[in-house]
Amino acid sequence: MKTHRLPPEFYLRTDVVLVARELLGKILITEINGIRTSGRITETEAYRAPDDRACHAFGNLRTARTEVMFQEGGRAYIYLCYGIHHLFNVVTAPQETAHAVLIRAIEPIEGEDVMYERRGLPKKISGKILTRLTTGPGSVSKALGIHTGLNGISLLSGDSPVWIADEGRAYLPEDIQSGPRIGIDYSGECAAWPWRFWVKNTPFVKK
DNA sequence: CAAACGATCGGCT
DNA sequence: GCCGATCGTTTGC
């Protein structure tokens, strides 16, 4: 799987909305303390400075927190939301261009049992995976062991505990839906931009 | 230094 | 559906 790690060029493109769409179907993997967990990305959102009011770096606002977003594409921007949730974003575009993609949901592939433990959920009894395990950005991070301590790490270097792989399977355009992003009602006209993408016909997307 | 505010979640009604 | 939890970041006084 590491051999199919997404190359720098994938992240360096300037069209973050396109990258958000293309991240659907890619595999998000963590290997923390030798424990591997992974899942197929099923829901994303694009955030784009300077014109997107919902982006933390709106107006190219540069602070200690947003600094990572200004770095070269291919790193993780992880921040704390509501004092509880560690939200995982993929930094894209060349240095000085603050774009990022929030990963909102995945479909578990490896390490399901560890995910249940990390989430504090009772282990499944039937064959079906509880969709709540990895739907919603806070849940994704918790299930994969991602936290703000990993903010800024590279997704490209061979020894990174977090990376994204391409299995070679892309979703067809007709299998993808788009709509307004979640929880950004404060951001004026930007709130209506259809920069949220999700896979049709999968239970692993939050309603 | 104080205070307001989230790119949310889960429990309870 | 509604609501409280919980704390780092940011901004304003």
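Just so you know, these numbers come straight off a predicted model, no measurement behind them. Note on naming: letters A, B, ... go to the chains in the order of the sequence lines (proteins, then strands), and numbering restarts at 1 for each one.
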> Mind checking if A/L102 touches a base, just sugar-phosphate, or nothing, with heavy atoms under 4.0 Å?
base
> Does A/H85 put a side-chain nitrogen or oxygen below 4.0 Å from OP1 or OP2 of B/dA7?
no
> For B/dG10, does OP1 or OP2 lie under 4.0 Å from any side-chain N or O of A/R119?
yes
> Under a 3.5 Å cut-off for both distances, is B/dA7 Watson-Crick or wobble paired, and to whom?
none
> Under 6.0 Å from the six-membered ring centre of A/Y47 and within 45° of its axis: does the NZ or CZ of A/R181 meet both?
yes
> On DNA chain B, compare the nucleotides closest to A/A54 and A/K142; which residue's is nearer the 5' end?
A/A54
> Check every strand shown and say whether A/S139 touches a base, only sugar-phosphate, or nothing at a heavy-atom separation below 4.0 Å.
sugar-phosphate
> Looking across every strand, which nucleic acid part, if any, lies under 4.0 Å from A/I84 by heavy atom: base, sugar-phosphate, or nothing?
base
> Are OP1 or OP2 of B/dT8 and a side-chain N or O of A/R104 less than 4.0 angstrom apart?
yes
> Nearest to the side chain of A/L80 - C/dT10, C/dC7, B/dT8?
C/dC7
> Hey, is A/E112 close enough to A/K123 for a salt bridge, meaning N to O under 4.0 Å?
no
> Which nucleotide sits closest to the side chain of A/Y77: B/dC9, B/dG10, B/dA7?
B/dA7
> Among the nucleotides B/dA7, B/dG11, C/dT11, which one has an atom lying closest to any side-chain atom of A/L61?
C/dT11
> Can you figure out which of C/dT10, B/dA7, B/dC9 approaches the side chain of A/R65 most closely?
C/dT10
> By centroid distance (under 5.5 Å) and plane angle (under 30°), are A/Y82 and C/dA5 in a stacked arrangement?
no
